[in-house]
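To keep things clear, I will list the structure first and then write my remarks on it.
If you're wondering where the values come from, they're calculated on a predicted model, not measured in any experiment. Throughout, protein chains are lettered first and strands after them, A, B, ... in sequence-line order, and every chain is numbered starting at 1. What you see below is based on every heavy atom in this structure, not just the backbone, and it leaves out hydrogens, waters and symmetry mates.
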Amino acid sequence: MAGAFNWFSQIASITAVNLRSLPQRKGSSVTAVFGIAGVVAVMVSVLSIAQGILQTMDNSASADNVVVLRSGANTEMMSGLVGDDTRIIAEGPGLARNAAGAIASAELFVIINLLKKATGTDANVPLRGVESAAFEVRDKFNIIEGRMFEWGLNEVIVGVGAKMEFEGLELGSTIPVAQEEWPVVGIFEAGGGLSETEIWVDAAVLQPAYRRGNSYQSVIAKLESPESFEQFKDALTSDPRLNVKAMRESEYYESQSAMLYNTITGIGTFIAVIMGFGAIFGALNTMYTAVSSRAREIATLRALGFHSGPVIISIMAESLLLALAGGVLGAVAAWWVFDGFRAATLNMTSFSQVAFAFDVSLSLLTRGILFAMVIGFIGGLFPAVRAARQPVASALREL
Amino acid sequence: MTQTVQTLVSISNVDKIFKRGSEEIHVLGGLDLEIPQAEFLALMGPSGSGKSTLLNLIGGLDRPSQGSVAVGGERIDELSDRRLAAWRARHVGLVFQFYNLMPMLSAQKNVELPLLLTHLSRSERKKRAAIALEIVGLSHRTDHFPRTLSGGEQQRVGIARAIVTDPTLLLCDEPTGDLDRKSGDEILSLLQALNQEQGKTIVMVTHDIHAAARASRTLYLNKGQLSTEAEE
């Protein structure tokens, strides 16, 4: 027990001595801190894109909503349902109902071409034809500017994310739809979900404009409760008149974002690892310099009777402290600059743009700082072991 | 009535070989030495003769390639690294040619360093460091950092650090080698006083014949062997 106390007291003492000498090694220490901060900032920023997309998808889903597509279709783009199908689907058991009937919106999903504000390049923007139940299914829907479109008229309302990311979607402007110009009469928000990247119009107006007859691509419906899903799904899949599949909204959006999320996470991790190697060499260089500039002090401490274990740990502590400073600096910088920063990118699954906000979450910040600590650990380990392994007499002789 | 002088350091048939690549350098060969308690021994000899190596063996900073080193009856060459470090902390005070003080610590904190290896309380450490600084005549410089002290003063701090744990053995490697004559004389007088008044056993490596003259015995090391006479 006394031995352990002595050991810890040695670690604390040598670490304190080390840290007091930090100002003498300002240059290399600051370089290491900023090197690590850069790595963490890049890593956290890139991963916050994936996190933001995930968050957007998460915001889009409601636990008691269900998405119905044609069997075999993975996206609304690939799906097709005739009007009769949508009526049968709306009669399914387990759906929430009001005076007008089941809360189910048969919807049409087409892509229009608009310019992206950030790049001035063409972008695929989703144009969604909805029925009146759509606004009850998406309970976070809210008009924040202008008004709702008139049913039966060529009017559109625009998601707040789409307005920010694409040209010509301001209130009062018009957008080109099927060789016509349709006015933007309102701007809406939808709880930060995917709908905010979309433009909405009356489905009955969109069908003839795109010569779709009486066809739709999906039915989005509200369940009585999340537990009603299995009953609803079983009824649909066992109905010989239908060839459809039902998914919880959360599952649907998860499948929509998986490819994009994995791609961005993969790229972010790859960049972080490559940069991390560079930072490890920076940290190694810093700590070798630190150890070499303090060779006399380290050798003297060991000659006085300090053990090599505490010497190793104290050098590691210094390296980890520098890494922690760099990690926190990089994480805070990423959070400061990018958290909430809005952007849009192409979701290859739906072939349409998804607007999102970078989400520098607490777990991402923690991962960034932990990554910095790994860099600090590796960067400090080798110089520390070298310093502690050198025989005391030869270390003193080299001074 | 006869007084028995006890042997403190006993070195027997010690070889020390350094390896540089494939080359072997025999620094000490079959060396025997006994140092009685409370002796002030000066070790002289040309550069590279092995003086510092011998000092390191006595202080447990190095191990012999062959032979035995016993201090106070304990075979220190057989101790593990960990126990040897603890033994050094308890029994050896080291004085270096270039003082080897921690530049970021005050004189007081430098002297307290070896006491961090004990279980003394903070106040007790402070008290003992103050006493050690008083012994070396630096009570008025306790809060000064090494860079604000003269060479002589820095070496006094080094000596205070060496004696603060009340070690059995004081090992000094060229303690006046970096000092002017006046400061060097003051340091030697201090070492002499520690030997004569406090009974400290001191082994001092020096090139300086005047410094060696302050010791109670001088031995010369040449080609790995000790003698009482300097070789021409």
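- Listed by sequence position, B:Leu61, B:Asp62 are the residues of residues 58-65 of chain B in contact with chain A, using a 4.5 angstrom heavy-atom cutoff.
- Residues of residues 21-30 of chain B placed with any heavy atom under 4.5 Å of a heavy atom in chain A are absent; none qualify.
- In terms of heavy-atom proximity, B:His207 sits nearest to B:Glu174 at ND1-OE2, 2.6 Å.
- Of the options B:Val157, B:Leu101, B:Leu105, a side-chain contact (heavy atoms from CB on, under 4.5 Å) to B:Pro146 is made by B:Leu101 and by none of the others.
- B:Arg156 contributes a side-chain N or O that, together with a main-chain N or O of B:Val136, makes up a donor-acceptor pair within less than 3.5 Å.
- If you tally non-hydrogen atom pairs under 4.5 Å between each of A:Ser308, A:Gly305, A:Pro391 and chain B, the highest count goes to A:Gly305.
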(request) Before giving the answer on side chain to side chain contact (heavy atoms under 4.5 Å, CB included), spell out for B:Val69 and B:Val14 the whole-Å C-alpha distance, their side-chain angles and the decisive distance to 0.1 Å. (result) CA-CA 8 Å; B:Val69 180; B:Val14 156; 4.1 Å; yes
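- Here A:Ile313 contributes atom CD1 and A:Ile14 contributes atom CD1; the two are 9.5 Å apart, rounded to the nearest 0.5 Å.
- For the pair A:Val40 and A:Ala372, the tightest heavy-atom approach, listed with the atom from each and the gap, is CG2-CB, 3.7 Å.
- Environment of CZ in A:Arg386: sparse, with no more than 12 heavy atoms of neighbouring residues, nucleotides or ligands closer than 6.0 Å.
- Going from atom NZ of B:Lys51 over to atom CG of B:Asn56 covers 12.0 Å, rounded to the nearest 0.5 Å.
- A parallel orientation is assigned to the rings of A:Phe338 and A:Phe358, their planes being inclined by less than 30° (bins at 30° and 60°).
- In terms of heavy-atom pairs under 4.5 Å with chain A, the best-connected choice from B:Asp173, B:Val92, B:Leu113 is B:Leu113.
- B:Lys200 contributes no side-chain N or O that, together with a main-chain N or O of B:Leu191, makes up a donor-acceptor pair within less than 3.5 Å.
- For A:Gln51 and A:Gln55, the side-chain atoms include no donor-acceptor pair closer than 3.5 Å.
- Chosen from A:Ala16, A:Gly309, A:Pro23, A:Ala303, the residue pairing most often with chain B at heavy-atom distances under 4.5 Å is A:Ala303.
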